[in-house]
Asker: 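Dumping the structure here so I can ask a few things about it.
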Amino acid sequence: MKLKLRKADEMERYQTDKSAKIAFIFYTAALLAWGLYNFFSTGKTGWEFTILLVGNAVFLWSRVVYRRKMQ
């Protein structure tokens, strides 16, 4: 069985972009809350804070790359 992939139309791209934005905000907020709770309760940052920082760095770096490609 072959999967037929087709290009997303403008509405599907818009919906995907909005969904990705909401998911990114949720994961960022959840990891930040978990990291801050861990930091204040144990005095150390755990893996969740590292994941948060790396994820945001990848996000910002990819935005810079794509913005430069568009220019």
Side-chain angles (χ1 to χ4, degrees):
M1 184 173 136
K2 276 189 157 182
L3 277 177
K4 296 245 180 181
L5 296 178
R6 62 177 176 77
K7 268 190 164 178
D9 63 5
E10 189 175 338
M11 180 60 102
E12 289 172 331
R13 282 195 307 263
Y14 174 79
Q15 292 169 345
T16 301
D17 289 346
K18 291 298 254 183
S19 298
K21 180 180 178 181
I22 292 169
F24 179 76
I25 291 170
F26 169 77
Y27 282 120
T28 300
L31 285 170
L32 181 62
W34 185 17
L36 288 174
Y37 172 78
N38 223 7
F39 178 72
F40 288 120
S41 64
T42 65
K44 296 187 286 186
T45 58
W47 280 105
E48 65 279 350
F49 198 69
T50 304
I51 293 169
L52 174 65
L53 291 178
V54 170
N56 281 308
V58 168
F59 170 74
L60 293 173
W61 176 77
S62 65
R63 282 196 50 159
V64 168
V65 169
Y66 285 125
R67 185 169 291 163
R68 286 188 180 170
K69 275 187 175 181
M70 296 300 288
Q71 291 179 351

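On a predicted model such as this, the values are computed, not experimentally measured, just so you know.
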Asker: Could you pull out all residues at least two apart from R68 that satisfy side chain to side chain contact (heavy atoms under 4.5 Å, CB included)?
Answerer: V64
Asker: Enter the distance from D17:CG to S19:OG here, rounded to the nearest 0.5 Å.
Answerer: 9.0 Å
Asker: Using only atom types and a distance under 3.5 Å, with no angle test, would you say the side chain of T42 pairs donor to acceptor with the backbone of F39?
Answerer: no
Asker: Using every non-hydrogen atom in the two residues, find where E12 and K7 come nearest and quote the distance to one decimal.
Answerer: OE1-O, 4.4 Å
Asker: Mind checking the CE-CD spacing from M11 to Q15? Nearest 0.5 Å is all I need.
Answerer: 5.5 Å
Asker: Distance from Y27 atom OH to W34 atom CH2, nearest 0.5 Å?
Answerer: 12.5 Å
Asker: Test of understanding: with side chain to side chain contact (heavy atoms under 4.5 Å, CB included), list the residues that count as partners of L36, not counting sequence neighbours.
Answerer: L32, F40
Asker: Run the side-chain donor-acceptor check on residues 46-57: report pairs under 3.5 Å with partners two or more places apart or on a different chain.
Answerer:
residue: E48; atom: OE2; partner: N38; partner atom: ND2; Å: 2.9
residue: N56; atom: ND2; partner: L52; partner atom: O; Å: 3.1

Asker: Does atom CZ of F24 have more than 12 heavy-atom neighbours, drawn from other residues, nucleotides or ligands, at distances under 6.0 Å?
Answerer: yes
